[in-house]
Amino acid sequence: MSSPIIEASGVTKNYPGGVKALDNVSMSIAPGEWVALMGASGSGKTTLLNLLDGLDRADSGVVKIQGVELGRLSPDESAVFRRERIGLVFQQFHLVPYLTALENVMLAQYFHSMVDKPEALRILESVGMGPRAAHLPHALSGGEQQRVCIARALVNDPVVILADEPTGNLDEENEQCVFQIFLELHAKGKTLVVATHDRELGALSGRVITLHHGKLEAGGGPASRAG
């Protein structure tokens, strides 16, 4: 069995007011796994994602991606690591309003120190957004904006894709579009960690990790594999 691509060991995160967002959480995720983080609001899902992408740091414990301990990186090193190895998909999209769909994807390339317009367009086409590449975000539906967000996350070929409630603002039709994109990414061997309340999305994943009041309730160990 290959080494875990993501490891968290004894991770604790506290916030002011005595709020323990994560309480001694340990888990490992194998390359190519699709893991759903599930639990009620306030259970610690988003906090855990923020630790995995290096946007926040644990008060204690260790978080590693591809063997790199994120807590030991400087802010600049963390930013470089994130843009080179991690693709982020947000519930609120966070698209730049005055840039077209194509330009939003190319912006991610720019921060990766290279700009490749044909490749950006190819990625948009892969999520069904080629015909809408020249449109500004305000001219796109919520589902279309989310697909642009996914294209932006994919354009630098990240080793891990982290998604926070990616279907939270979508209607049923657009949910199904996102489900299909994630199924295709998983089939291609991408590692996916998706925080969601959506039971249908959770059921599509290979493993569910359940959090309850900051504690790991189930699913933290590596997935069992046939053979």
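Residues: numbered from 1 along the sequence shown. Note that the coordinates shown come from a computational prediction; the quantities given were computed from them, not determined experimentally. No hydrogens, no waters, no symmetry mates; every other heavy atom, side chains included, goes into these values.
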Hey, what do you get for [atom1] ([X]) to [atom2] ([Y]), rounding to the nearest 0.5 Å?
X	Y	atom1	atom2	result
Glu33	Ile209	CD	CD1	7.5 Å
Leu136	Glu103	CG	CD	8.0 Å
Asp164	Asp53	CG	CG	9.5 Å
Asp56	Leu49	CG	CG	11.5 Å
Ile65	Leu51	CD1	CG	10.5 Å
Asn174	Phe179	CG	CZ	11.0 Å

* side chain to side chain donor-acceptor pair (under 3.5 Å) partners for Glu175, two or more places apart ->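 Expected list: none.
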Could I get the full list of salt bridge (Lys or Arg N to Asp or Glu O under 4.0 Å) partners for [X], not counting sequence neighbours?
X	result
Glu144	Arg132
Asp116	none
Asp171	none
Asp198	none

Could you check whether any side-chain N or O of [X] sits under 3.5 Å from a backbone N or O of [Y], counting only pairs where one atom can act as donor and the other as acceptor?
X	Y	answer
Thr12	Asp23	no
Asn156	Ala108	yes
Gln146	Pro166	yes
Asn104	Leu99	yes
Lys45	Gly39	yes

* To do: Would you indicate whether the side-chain heavy atoms of Ile29 and Arg207 approach each other to under 4.5 Å?
  =>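 They are in contact (side-chain heavy atoms under 4.5 Å apart), so the answer is yes.
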* Asked: Is any side-chain heavy atom of Val25 closer than 4.5 Å to a side-chain heavy atom of Leu211?
  ->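 Val25 reaches Leu211 side chain to side chain.
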* Verify side-chain contact (heavy atoms from CB on, under 4.5 Å) between Glu173 and Gln176, making sure each step is shown before the conclusion. => CA-CA 5 Å; Glu173 180 180 353; Gln176 295 300 319; 6.0 Å; no
* To do: Flag yes if more than 12 heavy atoms outside His213 fall under 6.0 Å of its NE2 atom; otherwise flag no.
  =>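 It does not: His213 NE2 has 12 such atoms or fewer within range.
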Which pair of heavy atoms, one from [X] and one from [Y], lies closest together, and at what distance?
X	Y	value
Ala163	Phe182	CB-CZ, 4.1 Å
Ile5	Val159	CD1-O, 3.8 Å
Gly10	Asn24	CA-OD1, 3.1 Å
Val68	Arg85	CG2-NH1, 4.0 Å
Leu121	Ala133	CD1-CB, 3.9 Å
Ala120	Val105	CB-CG1, 3.8 Å

Go through the structure and list residues passing side-chain contact (heavy atoms from CB on, under 4.5 Å) with [X], not counting sequence neighbours.
X	result
Lys190	Asp157, Pro158, Ile161, Leu185
His94	Phe90, Gln92, Arg152
Asp59	Lys13, Asn14
Ala8	Val11, Met27

* **ILVMFWY clustering at 4.5 Å (side-chain atoms), partners of Val19** =>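 Reading the cluster by chain and number, Val19 sits alongside Tyr15.
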* To do: Quick one: name the residues clustered hydrophobically with Val80, using the 4.5 Å side-chain heavy-atom rule over I, L, V, M, F, W, Y, and just say none if it's on its own.
  =>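 Hydrophobic cluster check, Val80: no partners found.
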* Asked: Are Leu55 and Val62 connected in a single hydrophobic cluster, I mean Ile/Leu/Val/Met/Phe/Trp/Tyr linked by side-chain heavy atoms less than 4.5 Å apart?
  ->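 No, Val62 and Leu55 fall in different hydrophobic clusters.
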* **Contact list for residues 120-131, test side-chain hydrogen bond (donor to acceptor under 3.5 Å, both in side chains), sequence neighbours left out** =>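 Sorted pair list: Glu119-Arg122.
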